[in-house]
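Here is the structure we will look at.
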Amino acid sequence: MRRITIWLLSTVAALVLLFSYKTSTMGAGGETSAIASGSDGSAGSSWSGTDDSGTDGSGTGTTGSGPSSGGTSGDNGSGGPSSGSGTATGSVARTRWGPVQVKITVVNGKITDVSTVQVPDGNRRDQEINDYAVPILRQEALVAQSARIDTVSGATVTSDGYRESLQSAIDAAHLR
Amino acid sequence: MELDRRAWVVQVMGLPVSVHLRGPEVRTDAVAERVERVFAELRGMDAVFSTYRPDSVLGRLGGALPDPATTADPVVREVVELCEAARVRTGGWFDARRLPLPGGGTGFDPSGLVKGWAVERAARHLADLPGHDLCLNAGGDVLLRTAPGRPAWRVGVEDPDRPERMLDVVERAHGAVATSGTARRGTHITDPRTGRPAEAVRSVTVVGPELLWADVYATAAVARGADALDWLATLDGYAALLVDVAGRVRATPNWPGSRPAGQTRAA
């Protein structure tokens, strides 16, 4: 269970980084680089919810994993379906327009929503961030989830193309 | 407790076919023997229907439409009748009668229907395994069954432009997820109105109760082109996700994944 929690947190960290990147390059003269707070260890992500084993109760806080430990590449190696539910709140990222924080909602192991819990106020960037960055976050969350799919539906895979396919990796994990 | 899970993969009909089972007896010889029957049936159907084999029933016909009244083989009769039903149900956009044949020329080629039909038929060998869940993937078309109380299977929908990435993930306990498109083999779906390859749509994924029809509808939608989503939305019990040639991703209102209807690709 711990593994899944950490996986989610590292995803959050990666999402925050991505978010920072996108927002920092949106405006003119985007020379200001945004830094997710996880990178300096001063703040963490938090996770609350239930999971398979029930050993982590609601409201359990966990210190965040640094961005270096996670990624959205989808090869985190977690196996089997998770039935964890709850929300994970990412670190506060400092962007050129102010602090940004995202929250991921997970139901039965599936990311069902990605939303911002803190956006810079006092300017029209709020709307821009919500319109532009949140769909990207949603997409990246889906990519991160692909580590835990059972099978892949795609345009006809031929025998030749099978070897490099994601399906062949999934099959290989269960051939015994 | 995590369920025991086992996979079998065989190349048949020119496709990789993967059978995944979850349940207490997946390591038994009895279950393995059932799985072998699935593959044997698919090989048998390939020997009848492959247009790539000169010695198959279809190969010997050389593109001629088998006459249901005189065809002795009941499976050939059934497929001919289903192809006609598919042509009617798709408003003519699935039409097996005048397709480019592997040996050149055009003629009757039911391959686009035979795969889904044969897989559904072969999966019957695994029907009465109580307490076992089935996920059968034949070259990207997926058939699913789940015992009561078990988690649904999670099916990734491949991005036609980046096959290592997923456009969406749908959770299904039963039924089918079928994808047709131009991603893997180039343009291989023919527009029946022009006789030329259909190119307006990159891929269509259809989710619904029956693999045969999910696959037929996905193929017809690719042939149909830009307005296919409106037609897909009229199909009772089926939902669809469509990627057009410009990379726009749109879904029918009842699409079960996380993409809202009409949403376009971010970024």
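Chain letters run A, B, ... following the sequence lines, proteins first, then strands; residues in each count from 1.
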Inset, instruction - Would you check if the side chain of A:Ser153 reaches a backbone N or O of B:Asp141 as a donor-acceptor pair within less than 3.5 Å? - result: no
Inset, instruction - Please say which of B:Arg5, B:Arg154, B:Arg172 ends up in a side chain to side chain donor-acceptor pair (under 3.5 Å) with A:Asp150. - result: B:Arg5
Inset, instruction - Show the numbers, then the answer: is there a side-chain contact (heavy atoms from CB on, under 4.5 Å) between A:Ile149 and B:Met166? - result: CA-CA 10 Å; A:Ile149 55 179; B:Met166 298 299 111; 3.8 Å; yes
Legend entry - Distance-minimising heavy-atom pair for B:Thr179 and A:Ala155: CG2-N, 3.5 Å
Inset, instruction - For chain A, find which of B:Val222, B:Val155, B:Val157 contributes the most heavy-atom pairs closer than 4.5 angstrom. - result: B:Val155
Legend entry - B:Ala7 to A:Leu175 - nearest heavy-atom pair and separation: O-CD2, 3.1 Å
Inset, instruction - Give, as side chain, backbone, both or neither, the part of B:Ala138 having an atom under 4.5 angstrom from any heavy atom of chain A. - result: neither
Inset, instruction - Specify which of B:Val204, B:Asn137, B:Val142, B:Val177 makes the most heavy-atom pairs with chain A at under 4.5 Å. - result: B:Asn137
